[in-house]
Structures are given as structure tokens and as C-alpha cells.
Amino acid sequence: MAKQDLILLAMDPSPSLELLVKALRASNFDLVLAHDRGGLDKLTQNSIPALAVIGDSFAGQDGFSIAAGMLERFPTMPIVLYSEGNSPDLAMKVLKTGITGYIHPPLTMEEIVEEIRRALKRARTLGDWVRREVKRTTASLEQKARISESERVKLEAIISNIQDGVLVLDEQHHILIANQTIYEMFSLDGTPIVGKYVKDIIPNADLSALIDRARDGILKYHEINFDDGRVFNAQYTPLARIGSAVTMQDISYLKEIDRLKNEFVHTVSHDLRSPLTAILGYMELIERVGSLNDSQRDFLNRLQASVQHMTSLVNELLDVGRLEAGFDTRREVVDISNLFEYSLTVFDSQIRKKNLRLTVDHGDTPKSLRANPIRIRQMIDNLIGNAIKYTPPGGDIRVSISSQENQVILQVSDSGPGIPPDEQNRVFEKFYRASNRPGNVEGSGLGLAIVKSIVESHHGRVWVESKVGVGSTFIVLLPVHE
Ligand code: ADP
């Protein structure tokens, strides 16, 4: 007889037990008999019987709870309950416990064997069904795993072939994915990098600054500069439940074009300055060499205003050129609150003339910077000048200076027209003038480009937060002098 047809009998001694043993042995079943609870536990530990017959009371214990305990351990094992009596309550209890069937006297040997065979057959059918289901589910899981593996391979191929550098990090900044461009950019070929802490593998100050400051929401984009002149524009994107992705585009050629354009503008401005000075000089002399009639004087005044406008434009251009070329190296300890005060004093008459409400908020702590005072003053003048220029009469201007950790934060807010979102980054470009200038506010489009150059030459950052119809806030972060 096969091993799985081992029958376990857990019944108190009785004529019925003897009849069961006789009937089952006669039909060639293998039998094991438990005499007490300990013996029963040992038997089920050493072997798993194909079926168990349990008395409704065994060794002084309730047969139903013994059966329930066995079903908890072997949920598919068929259990037949032996009871001295028969009642609808008993049948109900059998059903509730999950027992396969029950037998009770009077019994014949044939009835016993038939009931045991029936229970075994049902258990086998159930076992076969479970095996089939497991096979089916496993096959479907395997197919899903194959699909997700092929998706992964596809995604990896796409990321690898993207020209831009793609770096995916987990929340603790360990590298999850890096494409070929990243390996080439940072000369990492052959280095195992996945799973490593990004700053250990790529000790690049610009990238570290982006990752650290993007986490706090301060930065989203940053330029990554290499000693050999390559420049990449890196963009940080947070990824929910993963970490973050940093993509990097090579913008070296754009930087080179920008440099050539700046060089050209600088040369032209420089060459224009001398003839403009000469024109202004001769215009001043005209009146001295003979009297002019009213029309001539009027034309001369207009000429003078235009030439002065051109001269200030040329001077602004030369300023941008000097700042961008890094010629601005003068540094001394500067108290930024004082510079704001001086600037506001100069603008006082314009503020009054437009009936603007001014609020200044600069706490008690002195805000010292190591900076070029002339340039910082120029930056403040440009920001306050714009706030006054663009805010309609009766509006509000608010200036605040605060310090946080190792940086000074300057904010110039106004209740002016605001700047449309898609133009907010562009207003810092040279000659860019946004579309929502009310009236005909004059300007060269160079003021904010100068602000940006000054801030960057002091290793700071400037940006604008603005809402059309509500106002604008220009924010400057500058590192504090230690
Ligand atoms: P401009 O000489 O035109 O003022 P800027 O470089 O100073 O040049 O500013 C660029 C553009 O940014 C301006 O033309 C204007 O459209 C916009 N702008 C600057 N400051 C403000 C402000 N406070 N409110 C609204 N728009 C502003």
C-alpha cells in the first residue's frame, strides 16, 4: 500500500475501534494508533497521514477541537469523526469544523471501508485541484515577471541611448540608474556605481549643490562646470516613492556662442564710447561759438538726451561685459542694510512723487557680506528702481533683508503688474523686456541682466516670484561673510 494511505486512528479503546482496525487492515490500509494526546502529536510530527479518524472524545479531550487543531496544521487532510451517537447537532458541528465526514454505530466493515475510501477520494480530488491552481497561478506570475523584465530591458535601452545624462537616485542619494552619458561625463567607465552613494562616486561640487539644495526646494536647475570647459545644464526632478532623477544636457556650444556674442557686444560698446564722448563734447561747444535760435536749441537738447541715453546703454553693456568676464574682483566687508538705506534715500523723491507706500524690514542683526559695495549698491538700485518704475502710483513697495544660516536674503516686492510665468526666467536675459509693461515704461532690458551678473559674481542666486495683476518679488541670496 502506498505511503499516503497511512491512516491515523485517535480513538479510545472500544469494540468499535477494534472493528475499524480489523476492517481497514483487511483492506490493506497502513494504520497507526494514537493512545493519548502526546502520542497523537508525536505521530503527526513524524509523518503526515493520508487520513485521520478521531473519536468525538479522545483521551479525555474534545474530538472536535483536536480535529480543528489538526486542520490548522494540515488544511487539506481528510478527517473522519467517530461518534457513539448520531444527531443533527453533530452533523452541523462536523460541517462547521470542516471535518470531511463522520461515522457512528451500528457499523459494518464494508460501511467503514467505503466511508474511508470516499473521504480519501475527495481529498485527492481537492489536492489535484490545488496543484492545478498553483501551477496556473505560477505560470501567470511567470508571464507577468517576463513582461516586466522585458519592459525593464526596453526602458534601460531607452535610457542608455538618450544623449542627455540620466541619473536616478534613491531617497538616500544612492545611485539606482546611470546611463552611458553619465559614465562618459564623469569618466566612470569600468567603475561599479549602482547602489553607491552618489557623492562618493561623483565628487562634483556643482552636482552636490544641486542635489542638496533641490531637496530643500531652493534649486531646480544648476550648471555643472568641468575644468576642461564643458558645461552641462542639470535639472532635478523628485520622483515619488523612488527618490529623484537628475538629467544633464551638454550646453557647452551654447555657452561658447554666448561668449562670442558677449565679446562682440563688448568690443562694439567699447569702440562706441569714444565717438559718443566726442559728440557730447562738441554739442556742449556749439552754444559757445555762436548764438542759437529756439528751434536749434530744442533740436540740440533732443540730440543731447538721445546721445546720453546711448552712452548710458553703452556703459551698461560694458558693465555686463566686465562682470561676465570676471573682472569684478574687489571685495570688502559690506553692511547690506546700510546700502539699502542709502539707495532708498536717493529714490525717496521718486517714491513720494508716485505716492508709493514703502515698507522696510531689516531686523537687528547686521548683515555683513564680503562683496564689492559699488556693485551691490548697483544691484539694489536696479531692483528698487524697477519696483518704482513698474508699480502704478499709490502702490506698495516692500524691502526686506534677513539672514538664514550662512546667507543673506534680500527681497524687493511690489504691487506692480507682475510678470507672466513663462517670462519670469527670461527677464534676466540681456535686452529681454517682458510683455506686460503698462504704459510706455522706458528701459534697455539690461538692468536685471546686470543684477544677475553681480549676484553670480558674488556666488549668490537671484530669481523672481510673480503673479500677473498682483505683483512681483525679486529674491537674492548671497553667502554671508564669515
Ligand atoms: P528694463 O530696462 O526693461 O526695466 P530690466 O532688465 O530691469 O530692464 O527688466 C527686464 C524686464 O523685466 C522689464 O522690461 C519688465 O518687463 C520686467 N520687470 C522688471 N522688474 C519688474 C517689476 N518690478 N515688475 C514687473 N516687471 C518687471
Side-chain angles (χ1 to χ4, degrees), residues 145 148-256 258 326 403-409 424-425 428 452 455-463 465 475-480 482:
S148 63
E149 173 63 11
S150 86
E151 291 295 319
R152 195 188 63 77
V153 170
K154 240 191 265 172
L155 190 70
E156 210 169 270
I158 294 168
I159 291 176
S160 302
N161 288 302
I162 288 175
Q163 288 291 306
D164 296 343
V166 179
L167 188 62
V168 181
L169 307 175
D170 70 11
E171 277 159 357
Q172 283 72 42
H173 293 162
H174 295 109
I175 299 172
L176 293 175
I177 301 173
N179 71 348
Q180 190 53 32
T181 311
I182 293 284
Y183 281 84
E184 284 160 15
M185 262 174 83
F186 296 101
S187 313
L188 293 171
D189 267 341
T191 320
I193 67 169
V194 172
K196 301 273 170 62
Y197 184 49
V198 66
K199 288 187 195 170
D200 291 344
I201 295 294
I202 309 175
N204 179 294
D206 292 328
L207 182 64
S208 301
L210 174 68
I211 291 171
D212 291 342
R213 293 165 82 183
R215 195 170 29 187
D216 307 332
I218 299 175
L219 266 189
K220 258 190 170 173
Y221 304 91
H222 200 43
E223 279 184 7
I224 299 198
N225 292 283
F226 289 86
D227 291 342
D228 58 10
R230 283 173 305 149
V231 185
F232 283 76
N233 181 37
Q235 184 179 354
Y236 180 98
T237 314
L239 301 175
R241 291 189 300 279
I242 297 175
S244 54
V246 182
T247 48
M248 303 176 212
Q249 298 100 31
D250 191 346
I251 52 163
S252 314
Y253 70 102
L254 290 175
K255 283 276 161 185
E256 182 55 14
D258 204 39
S403 52
Q404 201 187 64
E405 286 173 20
N406 54 352
Q407 54 196 5
V408 166
I409 305 162
Q424 287 173 14
N425 267 335
F428 295 98
K452 187 163 189 261
V455 172
E456 286 180 351
S457 73
H458 286 82
H459 307 289
R461 236 170 52 77
V462 57
W463 71 97
E465 286 170 7
I475 302 157
V476 176
L477 296 186
L478 289 170
V480 168
E482 311 249 313

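Position 1 is the first residue of the sequence; numbering continues from there.
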Handout entry: Pair Ile409-Val476, side-chain contact (heavy atoms from CB on, under 4.5 Å): steps then yes or no
Key = CA-CA 6 Å; Ile409 305 162; Val476 176; over 6 Å; no
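- Note that CG of Asp189 and OH of Tyr183 are 8.5 Å apart. Values are rounded to the nearest 0.5 Å.
- Nearest heavy-atom pair, Ala178 versus Leu167, reported as atom, atom and distance to 0.1 Å: CB-CD1, 3.8 Å.
- Note: His174 NE2 to Lys196 NZ = 10.5 Å, rounded to the nearest 0.5 Å.
- Tyr236 and Tyr221 have their aromatic ring centers separated by at least 6.0 angstrom.
- Side-chain contact between Val166 and Thr181: absent, with no pair of heavy atoms (C-beta onward) separated by less than 4.5 Å.
- Side-chain contact check for Val246 versus Leu210: some heavy-atom pair is nearer than 4.5 Å.
- Under the 3.5 Å distance criterion, the side-chain polar atoms of Asp228 are matched with a main-chain donor or acceptor of Arg230.
- In terms of modelled atom types and a separation under 3.5 Å, the side chain of Asp258 and the main chain of Leu254 share no donor-acceptor contact.
- For Asp200, the CG atom is densely surrounded, since the number of other residues' heavy atoms within 6.0 Å is greater than 12.
- Between Asn233 and Met248, every side-chain heavy-atom pair lies at or beyond the 4.5 Å cut-off.
- Here the straight-line distance linking atom OG1 of Thr191 with atom CD1 of Ile201 works out to 6.5 Å at 0.5 Å rounding.
- Here the closest heavy-atom approach between residue Lys452 and residue Val462 is recorded as CA-CG1, 3.9 Å.
- How far CD1 of Ile159 is from OG1 of Thr247: 11.5 Å, rounded to the nearest 0.5 Å.
- For Gln163, the CD atom is loosely surrounded, since the number of other residues' heavy atoms within 6.0 Å does not exceed 12.
- Using a 4.0 Å cut-off between charged side-chain N and carboxylate O, Glu223 and Lys255 make a salt bridge.
- Across every non-hydrogen atom of Ser148 and Ala145, the tightest pair is OG-O, 3.1 Å.
- The residues Asp170 and Arg241 are annotated as not salt-bridged, no charged nitrogen and carboxylate oxygen being separated by less than 4.0 angstrom.
- Aromatic ring pairs are classed by plane angle as parallel below 30°, tilted from 30° to 60° and perpendicular above 60°; the pair Phe232 and Phe226 is perpendicular.
- Using a 4.5 Å heavy-atom threshold, the side chains of Gln407 and Leu478 count as separate.
- Looking at every heavy atom in both residues, Ile211 comes nearest to His173 through CG2-CE1, 3.1 Å.
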Exercise for the section: Apply side-chain contact (heavy atoms from CB on, under 4.5 Å) to the pair Leu477 and Val408, showing each step before the final yes or no. Expected result: CA-CA 6 Å; Leu477 296 186; Val408 166; over 6 Å; no
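- Contact check for Leu176 versus Val194: no side-chain heavy atoms found under the 4.5 Å cut-off.
- Residues Ile224 and Ala234 approach most closely at CD1-CB, 3.7 Å, considering heavy atoms.
- How far CG of Leu239 is from CG of Leu169: 9.0 Å, rounded to the nearest 0.5 Å.
- Here OG of Ser252 is found 9.0 Å from CG of Asn225. Values are rounded to the nearest 0.5 Å.
- In this structure the side chain of Asp212 reaches within 4.5 angstrom of the side chain of Lys199, judged on heavy atoms.
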